[in-house]
Amino acid sequence: MRADARLVAEVRDGRTVLRELRSMAPLTLLPKRTRGDAVVHLVSSATAPLGGDELTLTVLVGAGARLRLSGVAATLALPGHREGGSRATVRVEVEDGGVFEYLPEPTVVTARARHTAELFATVAATAKLRTREVLVLGRAGERPGRLRSTQRVVRDGVPVLHQTLDVGHLERSVAHLAGRRVLATELRVGEQVAAASGEWWSVSPLAAGGALVTALAPDAVTAQRDLDRASRCFSPASW
């Protein structure tokens, strides 16, 4: 299965509107009525991703626009009948003064799955970006499949973050993720914050502006709680 979805937000008459909203199964975009920022829910309208699937989502946030894109259910990366793994790519551009929050639900890497998740973002100097990723290594009592997650973010022409995580290759090792099965990260671009840490989470400032939050947890609920705890290090007024 191949699918391409597109979402474009812009400012019109002083408020953020959705100029373009194009879904393609299984990537279904559902707008939510609000009086403030634009809010869109990303819903999977079919079983995906399966082995062989190629899914692409493109998001453009115009100058001064404010958009939140959130998930409504966990994503299950599953093996398919076709050879090869699946791939889900999100491409983001945020123009001057724009604010974009991308908060999908967890991705569960099921047994025998091979999945690649990619995020490529270009952010203007005065724009802000917040994105969250929660990776769950297998369902309860299940060995995980394999997942490669790549995040590449550039702000005003300067690289902010370029990292690739491979999970599921060393699940038999006691040292792998310290024996925990959930890895969660949250990236914030356009904010300044000091380094901070807790028992299983940390906030690391980035040289080009922003910070990366990382948490390890035994389950997705605990990971979410730790990310929320780390978020208190940031100024609420910034969002």
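Only heavy atoms go into these numbers, but all of them, side chains included; no hydrogens, no water, no symmetry mates. Being a predicted model, the structure only gives us computed values, none of them experimental.
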Return the [atom1] to [atom2] distance between [X] and [Y], rounded to the nearest 0.5 Å.
{"X": "Gln224", "Y": "Arg229", "atom1": "CD", "atom2": "CZ", "result": "11.5 Å"}
{"X": "Glu20", "Y": "Leu60", "atom1": "CD", "atom2": "CG", "result": "9.0 Å"}
{"X": "Thr116", "Y": "Asp166", "atom1": "OG1", "atom2": "CG", "result": "8.5 Å"}
{"X": "Glu186", "Y": "Thr131", "atom1": "CD", "atom2": "OG1", "result": "8.0 Å"}
{"X": "Glu54", "Y": "Thr89", "atom1": "CD", "atom2": "OG1", "result": "7.0 Å"}
{"X": "Leu7", "Y": "Leu42", "atom1": "CG", "atom2": "CG", "result": "9.5 Å"}

Non-hydrogen side-chain atoms of [X] and [Y] separated by less than 4.5 Å:
{"X": "Thr150", "Y": "Gln163", "result": "no"}
{"X": "Pro31", "Y": "Leu21", "result": "yes"}
{"X": "Arg19", "Y": "Arg12", "result": "yes"}
{"X": "Val59", "Y": "Tyr102", "result": "no"}
{"X": "Ser231", "Y": "Arg132", "result": "yes"}
{"X": "Val94", "Y": "Val189", "result": "no"}
{"X": "Arg87", "Y": "Thr56", "result": "no"}
{"X": "Leu216", "Y": "Leu183", "result": "yes"}

Derivation of the side-chain contact (heavy atoms from CB on, under 4.5 Å) call for Leu147 and Thr107: CA-CA 10 Å; Leu147 182 141; Thr107 295; 4.0 Å; yes
Worked verdict on Glu105 versus Thr75 for side-chain contact (heavy atoms from CB on, under 4.5 Å): CA-CA 7 Å; Glu105 292 297 306; Thr75 295; over 6 Å; no
Common cluster, [X]/[Y], ILVMFWY with side-chain heavy-atom separation under 4.5 Å:
{"X": "Leu103", "Y": "Val153", "result": "no"}
{"X": "Phe100", "Y": "Leu57", "result": "yes"}
{"X": "Val40", "Y": "Val90", "result": "yes"}
{"X": "Val221", "Y": "Val136", "result": "no"}
{"X": "Val123", "Y": "Val92", "result": "yes"}

Audit row: His41, Lys32, side-chain contact (heavy atoms from CB on, under 4.5 Å) steps and yes/no: CA-CA 7 Å; His41 294 306; Lys32 178 181 179 181; 3.9 Å; yes
Less than 4.0 Å between a side-chain N and a carboxylate O, is that true for [Y] and [X]?
{"X": "Glu191", "Y": "Lys128", "answer": "no"}
{"X": "Arg91", "Y": "Glu93", "answer": "no"}
{"X": "Arg225", "Y": "Asp228", "answer": "no"}

Co-members of the apolar cluster containing Val11 [side chain, <4.5 Å]: none
Side-chain hydrophobic cluster, 4.5 Å single linkage: members besides Leu30: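 Hydrophobic cluster check, Leu30: joined to Val43, Val72.
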Can you name the nearest heavy-atom pair linking [X] to [Y], along with the distance?
{"X": "Pro49", "Y": "His115", "answer": "CG-CE1, 3.4 Å"}
{"X": "Arg181", "Y": "Ala140", "answer": "NH2-N, 3.7 Å"}
{"X": "Ala223", "Y": "Ala184", "answer": "CB-CB, 4.0 Å"}
{"X": "Ala5", "Y": "Met24", "answer": "CB-N, 4.3 Å"}

Anything under 3.5 Å between a donor and an acceptor, one on a side chain of residues 197-214, the other on a protein residue two or more places apart or in another chain? List them.
none

Verdict with supporting geometry, Glu133 and Ser149, side-chain hydrogen bond (donor to acceptor under 3.5 Å, both in side chains): CA-CA 9 Å; Glu133 181 178 60; Ser149 171; 2.8 Å; yes
Suppose we screen for side chain to side chain contact (heavy atoms under 4.5 Å, CB included). Which residues come up paired with [X], at least two apart in sequence or across chains?
{"X": "Arg112", "answer": "Pro79"}
{"X": "Asp156", "answer": "Ala125"}
{"X": "Ser23", "answer": "Thr28, Leu29"}

Under 3.5 Å donor-acceptor, Asp53 side chain and Leu50 backbone: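 Checked: pair present.
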Donor + acceptor pair across side chains of Thr16, Glu10 (<3.5 Å):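 Glu10 and Thr16 do not have a side-chain donor-acceptor pair below 3.5 Å.
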Asp219 and Thr222: side chain donor to acceptor below 3.5 Å: yes
Stacked cation flag Arg188 on Phe234, 6.0 angstrom / 45 deg: yes
